[in-house]
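Worth knowing before you read on, the calculation uses all heavy atoms, side chains too, and leaves out hydrogens, waters and symmetry mates.
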Amino acid sequence: MGLLKEHDFGTPAKPGPATVTVEIDGVPVTVPEGTSIMRAAAETGTDVPKLCATDSLEAFGSCRLCLVEIDGKKGTPASCTTPVAEGMKVRTQTPKLEKLRQGVMELYISDHPLDCLTCAANGDCELQDMSGVVGLRQVRYGYEGENHLDAPKDTSNPYFDFDASKCIVCSRCVRACGEVQGTFALTIEGRGFDSKVSPGAAELFMDSECVSCGACVQACPTATLQEKSVVDLGMPTRTVLTTCAYCGVGCSFKAELRGDELVRMVPYKDGGANEGHSCVKGRFAFGYATHPDRKLNPMIREKITDEWREVDWETAISYVAEKFRDIQARHGAGSIGGITSSRCTNEEVYVVQKMVRAAFGNNNVDTCARVCHSPTGYGLKQTFGTSAGTQDFRSVAQADVIVVIGANPTDGHPVFASRMKRRLREGAKLIVIDPRRIDLVRSPYIEAEHHLQLAPGTNVAIVNAMAHVVVTEGLVDRSFVADRCEEFDEWAAFIAREENSPEATESITGVPAEQVRAAARLYGGAGNGAIYYGLGVTEHSQGSTMVMGMANLAMATGNIGREGVGVNPLRGQNNVQGSCDMGSFPHELSGYRHVSDDAVREVFEKLWERPILPEPGLRIPNMFDAAVDGTFLGLFVQGEDIAQSDPNTQHVNAALSAMELVVVQDLFLNETAKFAHVFLPGTSFLEKDGTFTNAERRINRVRPVMAPKTGKDEWRVACEIAQAMGYAMNYEHPREIMAEIAAVTPTFAGVSFEKLDKLGSVQWPCNDKAPEGTPTMHVDAFVRGKGRFVQTPFVATRERSTRKYPLILTTGRILSQYNVGAQTRRTANVAWHPEDVLEIHPHDAEVRGIENGDEVTLSSRVGTTTLRALIADRMPVGVVYTTFHHPVTGANVVTTENSDWATNCPEYKVTAVQVGLKHAVDRHDAARDEEPALAD
Amino acid sequence: MTSTISPQVRMANDIAVQFRHLPVDEAAKAIANHIRMFWDPRMKSELRRLVDEDPTSFDPVALTAAKQV
Ligand code: SF4
Ligand code: SF4
Ligand code: SF4
Ligand code: FES
């Protein structure tokens with residue numbers, strides 16, 4: 001079987017060594033205990049006919065098509081539900097079985113529309129296949145009897161249809177939604193002949209709990225649940241294995257094409273990150289790649305008030321190079337810089353930072369991770385020695401207690417959330433630390449043991465209080481700490497101070513001390529305790545401190561260095577990990593090595609034949625400050641919408657307007673492009689050839705599904721600019737860029753396209769010591785040798801609620817949209833999120849006279865915007881919440897210049913605001929200088 | 001409205017409060033080291049200029065540290 005149709009083993013693989021030997025149709029096979037006869041047979045190459053079984057789901061045993069005979073046993077058991085036993089002799093093909101199976105098929109077919117030739121699933125229908133396999137030649141019951149052939153079609157979902165007339169009630173969809181996705185949106189209603197699939201109490205899929213992950217569509221053996229694109233375009237004929245370009249989970253997909261047209265994206269069963277699962281973004285929201293808004297030609301203009309003028313690539317590149325050189329001639333080498341994108345491949349990022357360091361001759365390179373996970377880089381480097389999550393995603397299946405801090409995985413990292421939810425349904429305990437009652441706190445079959453609903457900006461106080469309990473109640477893993485860590489005693493003395501106790505911090509965090517104690521005891525006493533965190537940790541004035549606080553907690557309890565434990569950032573964009581790994585920070589060369597390290601610099605200087613400056617360059621916020629000061633005048637922005645995603649929009653706009661040359665490389669004319677002098681069209685992930693690195697350090701291949709629509713590979717652009725500036729960067733293929741990365745970066749030394757093509761993916765470090773990569777880090781020793789405890793005193797943010805701005809705004813994302821929304825807004829995903837809304841507690845709404853759906857103004861001391869209110873009791877009183885997916889809202893119009901003390905990562909999660917019913921104030925452009933409208 | 005306080009002073013003060021738990025000389029050393037490791041040269045020279053020009057805008061420990069950069 002090829003990639004297009006992966007082999008289905010019928011039931012999931014069982015863990016453990018192969019110890020049980022059986023004989024299938026005379027062929028011996030040895031499999032792990034608990035393996036089904038069906039799977040054992042599949043491993044010998046014999047596929048037992050089946051309909052209700054598929055290897056992504058536990059066996060169910062309802063269709064009775066997979067019957068087999070076992071020597072010495074009576075009857076014909078179902079092979080999907082019968083486990084192997086030592087010495088068993090199984091026969092899968094006998095005249096008796098043939099007859100039974102034909103009988104079963106006959107019943108199915110008699111209630112199925114026979115429009116095979118015109119059916120969308122023609123060629124990809126298991127019912128059709130099975131009819132052939134069992135040799136069905138006649139249907140005796142006729143089609144006149146009672147049937148479901150007129151059952152209505154539900155086309156409400158923008159991406160797939162539900163044609164009930166074709167349903168064989170195998171319940172694969174129902175089980176997929178529960179077991180794989182964990183949403184439990186579907187049920188089988190009724191009994192016997194009347195039974196039918198239904199999206200819960202809702203009539204339509206769109207009105208149900210369904211999150212459109214596609215798992216049911218994939219599991220459906222017939223055309224009942226079918227992608228609309230397959231209905232429209234026909235069955236795909238070839239497939240290209242690639243990686244999702246949305247979030248940091250990094251799901252592997254089969255891009256399935258018909259000719260050159262992309263028909264659908266199907267999650268790949270052997271994908272290391274997702275193992276066959278997906279979410280609505282990766283599975284369905286790829287239409288933006290061919291959206292008419294996409295710009296495909298380079299454009300230039302002298303002034304940002306001029307019209308854009310299309311030019312050819314050569315003109316654009318020499319224009320950029322000349323301008324950059326001219327600025328440098330007048331203002332010095334340090335007057336220009338670049339920003340790399342977490343949406344681009346490792347290879348594309350690497351060449352941009354190389355262009356900055358070698359061709360620009362400075363270290364003014366930063367990456368959009370500055371505004372999300374830079375504190376992770378700082379915090380984990382200080383404590384563990386490197387900036388990376390400690391585990392692979394699979395590890396969560398071994399966790400006993402899971403702590404989710406400042407992350408909303410069901411929306412932000414849905415495929416990982418499904419894994420986590422599976423583990424929670426199996427009995428692992430959950431602690432959620434978040435101001436909002438995120439969905440995970442209570443969802444089907446899951447209830448958090450503790451939800452510490454802390455005040456925004458008090459993370460460090462909470463983590464210290466938990467550590468205080470661990471230290472003062474004897475929950476420290478003494479031998480781990482003694483063998484593996486340093487500076488413990490000083491830290492323990494600090495954390496044991498009364499000011500860090502749950503009782504003392506209660507007035508700061510708002511969380512009852514007893515709750516904190518109970519949560520700390522649960523985590524501290526767990527066999528395996530695992531911490532997962534997101535931007536709710538990093539985007540604070542103490543973001544870096546909090547990362548270190550969590551690392552302290554994990555080390556003190558010995559929860560590092562094996563499966564089921566760890567400290568794990570859930571990265572936002574698909575290649576945040578990779579773009580950081582590639583040396584995108586102004587103080588670090590690839591592999592997180594400081595520019596002041598002579599030995600490291602020498603490696604690069606030798607290969608690049610250029611000196612590297614030993615001092616850090618400017619970080620993004622510093623670039624803006626320097627632009628306003630007039631010392632920074634030229635910027636190359638790779639695939640990142642800083643004008644929309646960075647805080648304090650007015651300051652950013654002032655900085656961008658002050659520059660002489662802003663070059664934007666992106667798919668669309670984004671908000672930043674409004675300030676650009678040169679626009680260079682970028683390529684979508686469907687056109688890229690390279691690698692992405694996900695949040696578990698997994699390096700995945702991105703393979704081109706089509707040629708670059710812009711006529712140029714994106715990685716070539718930086719090379720050509722460098723070239724035009726007098727510095728040669730010659731590569732024939734991205735694999736050569738990876739070869740260079742491997743040559744200069746010890747943690748990547750063993751990585752090559754060839755290896756990735758062979759193994760599917762590897763997790764760095766990948767080198768001589770770990771030729772196939774490293775799923776779990778810090779196993780015997782920390783990367784820095786000993787794990788280091790760092791004292792983390794709580795310091796309140798400068799941003800406080802005041803009489804004028806009495807509420808605290810915090811920001812986040814939702815499932816169907818992604819980051820600034822440039823991609824998802826250009827797909828049918830807008831069906832779920834047509835605009836950003838402001839979530840507000842009923843009490844806060846009531847005192848302001850706000851009702852659900854009202855247009856409200858949201859003002860901070862830096863700006864005002866308007867959006868629609870959504871009254872939600874999952875918000876605590878005094879805290880409001882919004883997303884930043886739509887430029888028209890401009891949520892960052894109100895966020896401030898406050899930032900993490902160590903990394904300048906903006907404090908998105910805490911802004912003092914006021915909310916009021918909208919007066920005559922209009923969208924934010926008009927509202928800038930208005931006094932905020934006060935409701936009371 | 002953009003903050004009027006110089007970014008260098010704001011950042012140095014932000015760093016300084018994080019080291020308040022340490023004795024002054026240790027704190028100053030840690031702060032100075034942090035600035036050395038993460039700030040661009042022009043930010044450092046601006047910092048030095050501000051130390052001379054407007055020392056009162058600094059947190060005292062930040063000021064001690066800034067003098068060491
Ligand atoms: S698309 Fe996903 S969430 Fe929706 S019904 Fe199917 S499996 Fe459930
Ligand atoms: S919709 Fe498909 S998967 Fe679900 S019960 Fe019907 S045939 Fe089976
Ligand atoms: S979970 Fe993330 S990587 Fe996976 S399909 Fe969804 S957006 Fe893509
Ligand atoms: S496949 Fe075994 S009973 Fe359906």
(message) To check you understand the geometry: which heavy-atom pair defines the closest contact between I15(B) and W901(A), and what is its length?
(response) CG1-O, 3.5 Å
(request) Identify which part of D900(A) has an atom lying under 4.5 Å from any heavy atom of chain B, answering side chain, backbone, both or neither. (result) neither
(request) Please look at E588(A) and chain B and tell me whether the side chain, the backbone, both or neither of the residue comes under 4.5 angstrom of a heavy atom of that chain. (result) neither
(request) Please examine the side chains of Q8(B) and D625(A), heavy atoms only from C-beta on, and report whether any two atoms are closer than 4.5 Å. (result) no
(message) Does the plane of the ring in Y378(A) sit parallel, tilted or perpendicular to the ring in H34(B)? Use 30° and 60° as the thresholds.
(response) perpendicular
(message) If I measure from the heavy atoms of chain B, does A626(A) come under 4.5 Å with its side chain, its backbone, both, or neither?
(response) side chain
(message) Can you confirm whether K44(B) sits close enough to P616(A) that some side-chain heavy atom of one is under 4.5 Å from a side-chain heavy atom of the other?
(response) yes
(message) What's the separation between atom CG in N904(A) and atom CH2 in W39(B), rounded to the nearest 0.5 Å?
(response) 8.0 Å
(request) Could you tell me whether the side chain of F19(B) reaches within less than 4.5 Å of the side chain of Q791(A), counting heavy atoms only? (result) no
(request) Flag the one option from Q18(B), E46(B), M11(B), M43(B) with the top tally of heavy-atom pairs under 4.5 Å to chain A. (result) Q18(B)
(request) Scan E615(A), H587(A), H594(A) and name whichever one has a side-chain contact (heavy atoms from CB on, under 4.5 Å) with M37(B). (result) H594(A)
(request) Can you tell which part of R36(B) gets under 4.5 Å to a heavy atom of chain A, answering side chain, backbone, both or neither? (result) backbone
(request) Answer yes or no: is there a donor N or O on one side and an acceptor on the other, between the side chain of R42(B) and the main chain of G617(A), under 3.5 Å? (result) no
(request) Using a strict cut-off of less than 4.0 Å between a Lys/Arg side-chain nitrogen and an Asp/Glu carboxylate oxygen, indicate whether D40(B) and R619(A) qualify as a salt bridge. (result) no
(request) Side chain from CB out, backbone as N, CA, C, O: work out which of these in T545(A) comes under 4.5 Å of a heavy atom of chain B, or both, or neither. (result) side chain
